[in-house]
Structure formats: C-alpha cells, structure tokens
Amino acid sequence: MTAGGDPYDVVIGGAGVAGLTLARLLGDAGRRVLVLERERAFREAFKGEVLQPRALRILDAAGLLGALRDSGALRAERFTACAPDGRPLGDLPYAGLPGRYDYMLVHGFRDIQRALARDLPSTVEVRFGTSARGLRMADDGRVTGVLVTQDGRPAEIAAALTVACDGRGSRLRREAGLPLAAERYDHEFIGFQLGGVAGLDPALSALTTRHGVVLFFPLPGDQARMYVQSRAGEFRHTARQDVPGWLDGVLASVPALRRWDRQVHAAAGTARILTIWRQRTGQWTRPGFALAGDAAHCVHPIAAQGMSGAVDDAWALAAALDDGGWLTAAAVDGALARYEAARRPRQDFVDRLSHGLASLLTGTSATARALRRHELRVIDRNERLRQILTYNMAGCGVVRFTRADRLAQAGLPDLRGRQRLRLAEEPLPAGPGFLTPPRTSAGQQ
Ligand SMILES: Cc1cc2nc3c(=O)[nH]c(=O)nc-3n(C[C@H](O)[C@H](O)[C@H](O)COP(=O)(O)OP(=O)(O)OC[C@H]3O[C@@H](n4cnc5c(N)ncnc54)[C@H](O)[C@@H]3O)c2cc1C
C-alpha cells in the first residue's frame with residue numbers, strides 16, 4: 001500500500017529477531033514486506049538464547065510464542081549469582097513476578113529464528129543470500145529503498161520504508177550516516193556448547209570468580225551454554241592453541257562445574273570468541289528509514305536484554321505504522337517520529353541496567369570484587385531491592401531506585417527491606433491495531 005506504487009511497503013535488512021518479528025507484525029497487517037538476509041540459511045550462533053518475560057508477552061500477543069514452545073524452548077525460573085563452588089550469593093526469582101509471564105524461555109538462537117520465521121504471512125518474502133549493501137536515496141536525501149547484489153549483479157529495491165535490522169555492525173546504519181557511540185568492553189566471552197548435560201536447574205547461573213564471571217545455563221536437548229569471561233584478546237593470543245589446558249584452568253577456579261568435567265572438555269572444539277559492546281545511536285530514524293534491534297542499540301549480554309529490545313522495537317514500529325492507510329512519505333515519517341519517541345527512553349533505561357549488572361558481575365580488581373560481595377549480600381537480604389531488580393530485568397515495567405534504596409544498597413539499614421512491594425505489570429504499549437485486544441495463547445507453559 002505505497003502511494004507511489006512501489007513493489008514493497010517495507011524492506012527490512014536482516015532476518016534476526018528484530019527483522020523477523022517486525023516482518024511478522026507488518027505482514028499480519030497486510031503490508032508487503034521483503035526481508036533481506038545475507039546468510040544463505042539460519043546459522044547456529046552463540047548469542048541470544050534467553051527471552052525475558054516482556055519479550056514473551058509481546059511474542060504471545062503477536063501469535064509467536066506457541067511456535068517457540070512447540071520447538072522445545074525451556075523455561076528458566078531464576079537468575080542466580082553464585083560463588084565459584086555454586087553457593088547462591090544473590091538470587092532473582094521470577095516466580096514472584098506479576099502477570100502470567102513469570103519465567104524466561106531459553107532456546108538456541110537458530111531455533112528462535114526458525115520459530116519466528118514459521119508461518120510468515122503470504123505478503124512477506126524472505127530472501128536469503130542477499131546482502132543489503134547500500135541505501136537508495138532520493139535527491140532530497142529521503143531513503144527510498146536499498147541497493148543489493150543479486151545473482152552477482154547490482155540491483156535496487158524500492159520501498160516506502162527501509163528498516164535496518166542488520167545487527168550491531170549495521171552497514172545500513174553507516175550508509176544512513178546516523179551517529180553512533182560505541183565502547184568495547186575490556187573483556188569478551190568465550191562461548192561453549194556442552195552436550196549430555198541432563199538435570200540442570202532451570203536457572204541462569206552467574207558464577208563469579210576472581211577472574212570474572214562464568215555464565216552457565218541449560219539448553220534444550222540436555223545441552224548447556226557456558227560463557228567464560230576472558231580479558232579482550234587473551235584467548236585468541238594465548239589459549240587458542242591449548243583449549244583443553246585453558247578449560248582445566250576454568251574448572252580449577254569454578255569447582256561448581258567440576259561435575260561436568262567430561263562434558264566441558266568434550267566441548268573444547270565448540271569454543272567461540274564473542275566480543276562485547278555497548279552501543280548507543282544518537283538518532284534512530286531519518287526520512288524513510290529506521291533502525292531496530294542491535295542496529296539501534298547494543299547492550300552487554302549479561303542481563304539478557306538484547307532480544308527483548310529487538311522485539312520491543314518491532315512492536316512499537318509496527319504499532320506506529322498501523323493506521324492501515326497508504327504509506328505516504330508523511331505517514332511514514334510521522335510513524336517514525338512516534339516510534340523513536342516511544343522506544344528511546346525505555347531503551348536508555350535498559351542500557352543502564354545492563355551496564356550496571358555487567359559492572360557488578362564482571363569486575364576483576366580487588367575493589368570490584370569486594371564491592372560485588374558487599375552488594376550481592378545486601379541484595380540477597382533486602383527483599384525490596386531484589387524485587388525491583390527482578391521486575392526491571394524481566395521488563396515488567398521500570399522502577400527506579402529511590403535515594404533510600406541507594407543508601408540501602410550502600411549498606412545502610414533499611415527498615416523497608418523485608419517488605420514486599422505490590423508491583424503491577426505495566427500495560428504493554430498499544431500494539432498494532434489488528435492485534436487489539438491482544439491475542440494471547442491459552443495459559444502458561
Ligand atoms: C555472547 C552473547 C550472548 C547473548 N545472549 C543474549 C541473551 O541470552 N538474550 C538476549 O536477549 N540477547 C542476548 N544477546 C544479544 C542478542 O543476540 C542481540 O541483541 C539480538 O540478537 C539482536 O537481534 P537483531 O535482530 O537486532 O540482530 P542480529 O541477531 O544480529 O541479526 C542481524 C541479522 O542481519 C543479517 N545481516 C547483517 N548485515 C546484513 C546485510 N548487509 N544485509 C542483509 N542481512 C544482513 C545478519 O546475518 C543477521 O541475521 C547476546 C549477545 C551476545 C554477543
């Protein structure tokens with residue numbers, strides 16, 4: 001429904017969580033959508049395994065949660081910071097959250113992509129093996145589509161709106177000239193995929209050691225993911241040649257994992273180095289063009305917020321575009337302004353939340369470790385702080401720490417620390433009109 005008769009209403013660069021969720025929502029609204037994906041097929045990747053309750057709510061309203069469950073996603077019920085021997089130091093239990101989505105879902109990244117791509121509406125086309133390499137621009141600077149290489153030849157694809165969902169290193173964002181602030185963390189995660197790991201707690205464990213954090217959690221099929229923090233560049237330069245020896249060192253510093261000694265060593269060949277970034281974009285849109293997902297914002301993965309942010313973006317953008325009419329330039333740009341205004345403040349909060357948790361759990365200096373012990377002890381004893389943190393992580397809403405909470409965090413006595421707050425689930429922002437009232441699946445998993 002473009003005013004100018006373009007073949008597509010919306011062209012999306014990238015078939016990750018942001019691109020696929022957006023395609024689904026727009027397709028359900030009857031828009032003609034083309035998704036370009038540079039890979040030839042969905043590939044397994046060590047990133048994005050944990051979906052927070054907020055993402056589950058949105059995906060359920062979009063009719064996508066059933067596909068994730070059917071494909072075997074696991075429930076996880078708590079995020080626990082532990083000592084190296086596995087002793088819990090601070091626990092965020094999701095069971096007390098308001099609303100129906102009081103758990104996380106855990107799945108392999110490729111399985112999440114496949115579930116989101118299942119049963120896409122007939123107005124959505126996904127073209128694999130096609131890289132968006134530039135933007136098609138009108139003389140006035142308006143983005144009018146993308147430039148691609150197809151069958152070895154350059155081609156142009158016109159659309160009323162172009163959305164860059166092409167991830168952290170977004171080429172389309174660069175082509176659009178949108179400003180980016182990027183900081184690389186001083187550590188990276190070395191990811192491993194373990195097999196034959198039955199009977200793990202349905203929890204995300206953050207094992208804190210003097211060398212940093214080790215994240216460990218179950219995946220479907222008796223598998224587990226292990227992310228080991230390592231100083232940036234160190235693994236590549238020193239450990240690559242002797243991964244089993246390096247893993248011996250990990251097991252020596254994390255006794256809780258020794259029961260999985262055999263599985264950990266068997267996973268040596270799966271090692272992947274994952275660099276970690278914090279990125280904020282000063283502007284998410286320009287005429288005819290928007291960023292969504294990691295292309296717009298990238299946060300430390302420790303709080304598992306990246307995919308939720310991507311899903312949130314898709315929901316807000318589809319809602320903003322949903323007046324059901326022609327996508328004239330004015331209609332598109334009005335929608336983009338509403339989208340950016342709706343999403344940026346919340347995403348800024350998520351950015352600070354993720355960075356704060358990363359600072360708490362990944363610091364390796366003596367001061368950082370002492371502070372971590374202290375803060376985890378305070379949080380573990382203070383019901384109110386724990387509840388606020390869990391609520392914010394889950395994305396049920398935004399509750400900011402008050403001055404009194406900050407003082408309690410610093411160790412001052414807190415008379416309210418034993419009180420349970422009555423926190424309600426914040427209503428989801430209005431979604432696309434065709435989903436109002438939201439479609440929800442019957443009952444919890
Ligand atoms: C180690 C690690 C662990 C993580 N764990 C979690 C977690 O547990 N939970 C969570 O919520 N988040 C997690 N994240 C973050 C999460 O993976 C991202 O936030 C999320 O995948 C972003 O989705 P996206 O769709 O924006 O981008 P991506 O998933 O990066 O998808 C971008 C897509 O665009 C394609 N593409 C790129 N360039 C082009 C082009 N020029 N033309 C066409 N296609 C292109 C890519 O091939 C890709 O398919 C983790 C990240 C890391 C690094």
Side-chain angles (χ1 to χ4, degrees), residues 44-47 49-50 74 76 78-92 106 108-109 185-276 300-304 357-366 368-370 372-373 376 380:
E44 191 50 278
F46 288 8
K47 64 171 191 179
E49 294 96 355
V50 180
L74 293 181
R78 56 205 326 119
F79 180 99
T80 309
C82 306
D85 61 4
R87 200 169 17 97
L89 299 173
D91 193 30
L92 303 182
V106 186
F109 184 70
Y185 282 90
D186 65 356
H187 54 269
E188 50 204 16
F189 280 165
I190 314 303
F192 296 88
Q193 172 114 343
L194 279 64
V197 189
L200 278 181
D201 281 349
L204 312 188
S205 302
L207 297 139
T208 57
T209 77
R210 54 189 298 119
H211 308 295
V213 72
V214 176
L215 299 175
F216 197 79
F217 51 89
L219 286 172
D222 289 345
Q223 301 190 89
R225 174 74 72 242
M226 179 172 81
Y227 288 122
V228 183
Q229 179 181 335
S230 172
R231 227 175 315 146
E234 199 171 77
F235 186 85
R236 182 173 285 109
H237 292 119
T238 60
R240 244 311 180 213
Q241 299 73 19
D242 180 19
V243 180
W246 185 83
L247 285 170
D248 283 338
V250 172
L251 291 174
S253 62
V254 193
L257 294 180
R258 286 190 204 146
R259 60 187 280 229
W260 305 115
D261 180 292
R262 190 176 51 77
Q263 290 86 343
V264 166
H265 278 96
T270 67
R272 290 192 205 167
I273 302 172
L274 302 142
T275 58
I276 302 182
H300 196 291
I302 202 155
L357 192 68
S359 307
L360 178 68
L361 295 179
T362 64
T364 51
S365 69
R369 284 187 277 129
R372 173 160 65 236
R373 277 195 297 276
L376 289 176
D380 201 47

| task | List the steps and the verdict of side chain to side chain contact (heavy atoms under 4.5 Å, CB included) for Gln193 and Leu219. | result | CA-CA 9 Å; Gln193 172 114 343; Leu219 286 172; 3.8 Å; yes
| request: Please examine the side chains of Pro218 and Val197, heavy atoms only from C-beta on, and report whether any two atoms are closer than 4.5 Å. | output: no
| Got Leu194 and Thr270 here, is their nearest side-chain heavy-atom distance under 4.5 Å? | no
| task | Would you sort out whether Leu251 and Trp260 count as a side chain to side chain contact (heavy atoms under 4.5 Å, CB included), showing the intermediate values? | result | CA-CA 9 Å; Leu251 291 174; Trp260 305 115; over 6 Å; no
| message | With side chain to side chain contact (heavy atoms under 4.5 Å, CB included) as the criterion, how do Ile273 and Ile190 come out once you've worked through the C-alpha distance, each side chain's angles and the decisive distance to 0.1 Å? | response | CA-CA 5 Å; Ile273 302 172; Ile190 314 303; 4.1 Å; yes
| If only atom types and distance count, is the side chain of Arg225 paired as donor or acceptor with the main-chain N or O of Gly191 below 3.5 Å? | no
| So, do Leu274 and Glu188 sit near enough that their side-chain heavy atoms are less than 4.5 Å apart? | no
| request: Ignoring hydrogens and angles, tell me if any N or O in the side chain of Ser230 forms a donor-acceptor pair with the backbone of Phe189 under 3.5 Å. | output: no
| message | According to side-chain contact (heavy atoms from CB on, under 4.5 Å), who are the partners of Ser359, at least two apart in sequence or on a separate chain? | response | His355
| message | Would you say that Val264 contacts Phe192 through its side chain, given a criterion of any heavy-atom pair below 4.5 Å between the two side chains? | response | no
| remark: For Ala271 and Val243 the tightest heavy-atom approach is CB-CG1, 4.5 Å
| field | Flag if over 12 foreign heavy atoms under 6.0 Å of CZ, Arg369 | value | yes
| Val213 to Ala206 - nearest heavy-atom pair and separation | CG2-CB, 3.9 Å
| field | Leu207 to Ala256 - nearest heavy-atom pair and separation | value | CD2-CB, 3.9 Å
| Do Tyr227 and Glu49 have side-chain N/O donor and acceptor atoms under 3.5 Å apart? | yes
| What pair of heavy atoms forms the shortest contact from Pro84 to Ser253, and how long is it? | CB-O, 3.3 Å
| Say you draw a straight line from CZ of Arg373 to OG1 of Thr208; how long is it, rounded to the nearest 0.5 Å? | 9.0 Å
| said: Testing the basics here: between Leu89 and Cys82, what is the closest heavy-atom pair and its distance to 0.1 Å? | reply: CD1-C, 3.6 Å
| query | Of the non-hydrogen atoms in Thr364 and Gly212, which two are nearest, and what is the gap between them? | reply | CG2-N, 3.7 Å
| query | Once you round to the nearest 0.5 Å, how far does CG of Asp201 lie from CZ of Phe216? | reply | 11.0 Å
| Atom CZ of Arg272: over 12 foreign heavy atoms under 6.0 Å | yes
| Side chain to side chain, Phe79 and Leu357, heavy atoms closer than 4.5 Å | yes
| task | Look up atom CZ in Arg372 and atom OG1 in Thr362, then write down how far apart they are to the nearest 0.5 Å. | result | 7.5 Å
| request: Look up atom CG in Asp380 and atom OG1 in Thr80, then write down how far apart they are to the nearest 0.5 Å. | output: 9.5 Å
| request: Kindly determine whether Met226 and Phe46 satisfy side chain to side chain contact (heavy atoms under 4.5 Å, CB included), including the steps that lead there. | output: CA-CA 10 Å; Met226 179 172 81; Phe46 288 8; over 6 Å; no
| request: Could you tell me if the ring centre of Phe235 sits under 6.0 Å from that of His187? | output: no
| query | Does His211 reach the side chain of Val250, with side-chain heavy atoms less than 4.5 Å apart? | reply | no
